[in-house]
Amino acid sequence: QVQFVESGGGLVQPGGSLKLSCAASGFDISSSVMSWYRQALGKERELVADIDHFAAATNYADSVKGRFTISRDNAKNTVYLQMNSLKPDDTAVYYCSAVVFLGLWGQGTQVTVSS
């Protein structure tokens, strides 16, 4: 059974940092492009970043470029999202996903940026 377990969210002040983790089970993440999405209250889920199978290429939403970094450790079957210079607009539930299992989501992790 394929599962994603996101963690690392929390409450942080504007300008702060958080590092999210996504532990995958039930499949080998090296077989897939991996992505982070987020969904703010009342808004549609949006793609934040993705990373290819062996971290040779990454893509970011314009709103997070230069502030967020996606990475992966295939040996640990885990994907990360380092978030710096956080803004209130980054407040959302963050989810990871595998392209090969599009539509399968974990429970997400809440990130709240507020003073």
Side-chain angles (χ1 to χ4, degrees):
Q1 182 181 1
V2 176
Q3 286 188 321
F4 303 109
V5 178
E6 300 92 344
S7 62
L11 174 64
V12 63
Q13 291 187 343
S17 298
L18 285 172
K19 186 173 184 177
L20 307 184
S21 299
C22 170
S25 60
F27 85 110
D28 182 349
I29 68 166
S30 66
S31 66
S32 179
V33 172
M34 298 296 295
S35 307
W36 281 97
Y37 285 77
R38 67 185 181 186
Q39 187 167 19
L41 196 62
K43 296 187 178 180
E44 293 188 355
R45 195 168 300 190
E46 64 173 352
L47 178 65
V48 174
D50 57 40
I51 185 167
D52 77 349
H53 301 65
F54 297 103
T58 56
N59 293 293
Y60 297 92
D62 288 343
S63 58
V64 307
K65 277 181 183 176
R67 301 187 298 119
F68 290 12
T69 303
I70 188 171
S71 61
R72 63 193 296 159
D73 186 335
N74 289 345
K76 294 183 178 179
N77 231 35
T78 300
V79 184
Y80 305 97
L81 186 68
Q82 176 68 47
M83 306 187 296
N84 299 327
S85 302
L86 283 161
K87 304 175 181 180
D89 283 351
D90 296 319
T91 296
V93 180
Y94 285 72
Y95 303 88
C96 72
S97 176
V99 168
V100 294
F101 293 108
L102 206 57
L104 180 64
W105 304 101
Q107 84 288 349
T109 186
Q110 175 71 49
V111 172
T112 302
V113 185
S114 175
S115 54

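All values reported here derive from a predicted model rather than from experimental measurement. Reckoned from all heavy atoms, side chains included, excluding hydrogens, waters and symmetry mates.
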Rounded distance [0.5 Å steps], CG in N77 versus CZ in R72: 9.0 Å
Side-chain heavy-atom pair I29, V79 within 4.5 angstrom cut-off: yes
Any side-chain heavy-atom pair of R67 and S17 under 4.5 Å: no
Y94 and F68 aromatic ring geometry - parallel, tilted or perpendicular at 30°/60° bounds: tilted
Residues D90, K87; criterion salt bridge (charged side-chain N to carboxylate O under 4.0 Å, His left out); working and verdict: CA-CA 5 Å; D90 296 319; K87 304 175 181 180; over 6 Å; no
Donor-acceptor side-chain pairing of R45 and Y37 below 3.5 angstrom: no
Side chain to side chain, T69 and M83, heavy atoms closer than 4.5 Å: no
Pairwise distance OH(Y80) to CG(D73) - rounded to 0.5 angstrom: 5.0 Å
Spacing of CG belonging to N59 relative to CG belonging to L47, to within rounding of 0.5 Å: 8.0 Å
Side chain S35, main chain D50, donor-acceptor under 3.5 Å: no
Heavy-atom side-chain proximity of F54 to N74 below 4.5 angstrom: yes
Heavy-atom closest pair, residues A92 and R38: CB-CB, 3.8 Å
Side chain proximity check, V2 to L104, heavy atoms < 4.5 angstrom: yes
Interatomic distance, F101 atom CZ to S32 atom OG [nearest 0.5 angstrom]: 7.5 Å
CG-CG distance between L81 and L18, expressed to the nearest 0.5 angstrom: 9.5 Å
Non-hydrogen side-chain atoms of F4 and Y95 separated by less than 4.5 Å: no
Side-chain heavy atoms of Q3 within contact of S25, under 4.5 Å: yes
Interatomic spacing from OG in S115 to CD in Q13 - rounded to 0.5 Å: 7.0 Å
Heavy-atom check, side chain of Q39 versus side chain of E46, under 4.5 Å: no
